[in-house]
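Following: one structure in C-alpha cells, then a few remarks.
As the structure lists them, so they are numbered: ligands from 1, and atoms in each ligand from 1.
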Amino acid sequence: MPNIAFLNGRFMPLAQAKVSVEDRGFQFGDGIYELIRTYDGRIFHMEDHLRRLEQSARELGLPMVYSKTRWKEILAKASSRGGFPDAKIYIQITRGVAPRDHSFPKKARPTVLVTVRKMLPLSSELLEKGGAVITVPDIRWGRCDVKSINLLPNILARQKARSSGAFEALFVRDGLVLEGAGSNVFAMIQGRLVTPPKGPAILAGITRDLVSELARKSGDSVVETGITPVDLLAAEEVFLTGTTTEILPIVKVDARTIGDGRPGKTTRRLIHLFRQATRP
Ligand SMILES: Cc1ncc(COP(=O)(O)O)c(C=O)c1O
C-alpha cells in the first residue's frame, strides 16, 4: 500500500503531493503542525491534538480551514486509507502560497497537508535499558507552547544529541531544564514526580498530561515545578514523554548515571499503564 497524503482537500499517493516553492511554509516556516498516533487503527487522543492545533492556529492568526467535525472525518479517512494499524498522522497548516513578503498576504489560502506513515516503534533494547540525554542551551523563541514548524533549534539540538550517542537533547534556559527537542521530561525527585510547568517555555505535551493523570491515579504525587540540571542529575528516575517517544526511561544525563543506571520502578509502572491506555 503506498503512503498517502491529503493535500488541500484531496487524497493522493504521498509521492504525488506537491507544494509551490512560494508556499510560506517553505519560505518562512510560517505554519503549524500536529503529530498523532494510531494504535490498532484507533486515533489516540484526537480531540486533544485538534484542540492544540486550534490553539496554535489562533496564536499565529491562521485559520483552521475545516470545522472540527470535518477534521475528524479527514483524519479517520486518512487513517483508514493509510491502512497501517499503528501509524503516525502528521498534520501541517501553512499560511499558503504568496509572493515572498514578511507581512501576512491578503489573499492566500492556507495549505493543508495530512500524511500517514507506518509507526516504527523505538527499539526494545532502548526501552529495556533506557536511553541517554544531553543538556543544551535553549536558543528557541519565546513561544514554545505554539507547535510551529520552525524547528531549527530543535533540529540542531537533536542532531547534537545523536552525534554524541544520546537519544534526546534537553533544553536549559535560565537555569532550568525545560523539555526535549521533541519530548517532555519527568524526574522522580525525593519521591515526587516532577515535570516543568506549562507556559510559553514548553509545549504542553498531550502525552505529558496523560502520564501525569496515570501517575496521579496510581498514587504518585505529581508536581509541576522547575527542575535544575543539578536536580536532574540527582534524580532517582528520569523519563521522557511524547507521541512517538511514548515513555522512554532515561538512565544517563550528560554521561552521568541516573539512579542505578536502569529504568526505575515508577517509570516501568507508568509504561505498563500507558500501554494499557493505548490498547484498551
Ligand atoms: C518540543 C516538544 N515538546 C514536547 C513534545 C511532546 O508532545 P506530545 O506528547 O503532545 O507529542 C513534543 C512533540 O512533538 C515536542 O515537539
Side-chain angles (χ1 to χ4, degrees), residues 29 31-39 43-57 59-60 75 86-93 114-115 117 119-122 131 133-162 166-173 176-187 193-215 222 224 227 238-248 250 267 270-271 273-275 277-278:
I32 55 173
Y33 76 106
E34 270 300 323
L35 193 71
I36 315 182
R37 272 291 315 259
T38 69
Y39 291 93
I43 305 177
F44 195 58
H45 285 254
M46 176 165 58
E47 291 273 353
D48 293 333
H49 284 278
L50 286 176
R51 195 174 314 122
R52 189 170 64 186
L53 184 69
E54 200 170 14
Q55 275 165 11
S56 297
E59 292 300 330
L60 301 189
L75 298 181
D86 286 1
K88 39 186 184 178
I89 305 178
Y90 176 77
I91 305 173
Q92 180 175 304
I93 306 175
V114 177
T115 62
R117 284 181 172 277
M119 178 65 203
L120 302 170
L122 296 180
V133 295
I134 56 167
T135 56
V136 295
D138 191 358
I139 58 167
R140 300 173 302 163
W141 71 326
R143 291 303 308 273
C144 299
D145 53 325
V146 175
K147 207 159 164 59
S148 138
I149 59 173
N150 270 279
L151 290 171
L152 206 43
N154 307 57
I155 290 167
L156 296 175
R158 176 68 63 80
Q159 186 53 37
K160 190 168 180 198
R162 295 295 160 91
F167 177 81
E168 179 66 300
L170 296 178
F171 291 116
V172 179
R173 190 189 296 181
L176 294 174
V177 179
L178 297 173
E179 64 178 336
S183 56
N184 292 110
V185 62
F186 285 77
L193 202 51
V194 184
T195 193
K198 287 182 189 173
I202 69 162
L203 184 77
I206 286 155
T207 322
R208 169 193 181 281
D209 281 358
L210 173 61
V211 169
S212 296
E213 191 189 317
L214 293 172
V222 182
E224 300 197 3
I227 302 175
V238 174
F239 62 83
L240 304 177
T241 63
T243 294
T244 54
T245 313
E246 301 180 320
I247 300 177
L248 178 69
I250 294 302
T267 309
L270 291 173
I271 290 174
L273 292 172
F274 185 81
R275 284 196 182 139
T278 57

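For the ligand labelled ligand 1, residue Gly180 lies inside the 4.0 Å heavy-atom shell. In this structure, Ala181 is part of the shell of residues with a heavy atom less than 4.0 angstrom from ligand 1. Using a non-hydrogen distance threshold of 4.0 Å, Phe171 does not register as a contact of ligand 1.
For ligand 1, the polar-atom distance check finds no N/O of Asn154 at less than 3.5 Å from any of the ligand's N/O atoms. Not one N or O of Gly242 is nearer than 3.5 Å to an N or O of ligand 1, by distance alone. Between Arg52 and ligand 1, at least one N/O pair is under 3.5 Å apart. Not one N or O of Arg208 is nearer than 3.5 Å to an N or O of ligand 1, by distance alone. Distances between N or O atoms of Thr241 and those of ligand 1 include no value under 3.5 Å. For His49, no nitrogen or oxygen atom sits less than 3.5 Å from a nitrogen or oxygen atom of ligand 1, counting backbone and side chain alike.
A cation-pi arrangement is absent between Arg117 and Tyr90, since the terminal nitrogen or guanidinium carbon is not both under 6.0 Å from the aromatic centre and inside a 45° cone about the axis. Cation-pi check for Arg37 over Tyr39 is met; the charged atom lies under 6.0 angstrom from the ring centroid and within 45 degrees of its normal.
If you check the side chains of Glu224 and Thr195, you find no donor sitting under 3.5 Å from an acceptor.
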- Message: Assess the residue pair Thr243 and Lys88 against the criterion (side chain to side chain contact (heavy atoms under 4.5 Å, CB included)); give the C-alpha distance rounded to whole Å, side-chain angles, the decisive distance to 0.1 Å, and a yes or no.
- Response: CA-CA 9 Å; Thr243 294; Lys88 39 186 184 178; over 6 Å; no
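When all heavy atoms of Arg173 and Arg140 are compared, the pair lying nearest together is NH2-O, 3.5 Å.
Contacts between Ser183 and ligand 1, counted as non-hydrogen atom pairs separated by less than 4.0 Å, involve the backbone only.
Phe239 pairs in a side-chain contact (heavy atoms from CB on, under 4.5 Å) with only one of the listed residues (Leu248, Ile271, Leu270), which is Leu270.
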